[in-house]
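Quantities reported herein were computed from a predicted structural model and do not represent experimental measurements.
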Amino acid sequence: LPELDKLDSNKIHIVPWQPWGGINDRFGIFPRAFTSVYFNLYQDLCFKGLAKALPLVQNIEEVYKYVIDKACIPLQSLDDFYF
């Protein structure tokens, strides 16, 4: 992991592998202010009409990218991060 105190706290930090047209949905470093967009996805899809509002998407990675972009949250790729 990168040193967390060196990361921009105004961005969601994601890994560039296996984005499948969106963003990788298995790992990210989120500032607390942005966690609700990510963790409330199921509720928003099922109970707040997001499922009907989505453009044509193929997978969950594209859904996450859509909701993060819609919320105007900047993304930063952790290009040097590998397991």
Once you round to the nearest 0.5 Å, how far does [atom1] of [X] lie from [atom2] of [Y]?
| X | Y | atom1 | atom2 | value |
| --- | --- | --- | --- | --- |
| Leu75 | Lys11 | CG | NZ | 9.5 Å |
| Asn10 | Ile73 | CG | CD1 | 11.0 Å |
| Ile68 | Tyr38 | CD1 | OH | 7.5 Å |

Ignoring hydrogens and angles, tell me if any N or O in the side chain of [X] forms a donor-acceptor pair with the backbone of [Y] under 3.5 Å.
| X | Y | answer |
| --- | --- | --- |
| His13 | Leu4 | no |
| Asn24 | Ile14 | no |
| Tyr64 | Leu41 | no |

Point to revise | Residue pairs fulfilling salt bridge (charged side-chain N to carboxylate O under 4.0 Å, His left out) with at least one residue in residues 54-72, sequence neighbours excluded | key: Lys65-Asp69

**Study point:** For Ser77, all residues meeting side-chain contact (heavy atoms from CB on, under 4.5 Å), sequence neighbours excluded
**Key:** Pro16, Asp79

Smallest separation among heavy atoms of [X] and [Y], with atom names:
| X | Y | result |
| --- | --- | --- |
| Ala53 | Tyr66 | O-OH, 3.7 Å |
| Val37 | Ala71 | CG2-CB, 4.0 Å |
| Leu56 | Gln58 | CG-NE2, 4.1 Å |

Out of curiosity, does [Y] fall in the hydrophobic cluster containing [X] (side-chain heavy atoms, cut-off under 4.5 Å, transitive links)?
| X | Y | answer |
| --- | --- | --- |
| Val63 | Phe27 | no |
| Val57 | Ile60 | yes |
| Phe34 | Leu50 | yes |
| Phe47 | Val67 | no |

Revision key, fill the gap. Sequence neighbours excluded, the answer for side chain to side chain donor-acceptor pair (under 3.5 Å) partners of Gln43 is none

Review point. Is there a side chain to side chain contact (heavy atoms under 4.5 Å, CB included) between Leu78 and Leu7 once you walk through the steps?
Key: CA-CA 10 Å; Leu78 297 170; Leu7 296 177; 4.1 Å; yes

Point to revise | Arg26 atom CZ, neighbour heavy-atom count above 12 within 6.0 Å | key: yes

Point to revise | Worked verdict on Ile29 versus Ile12 for side chain to side chain contact (heavy atoms under 4.5 Å, CB included) | key: CA-CA 6 Å; Ile29 300 172; Ile12 293 175; over 6 Å; no

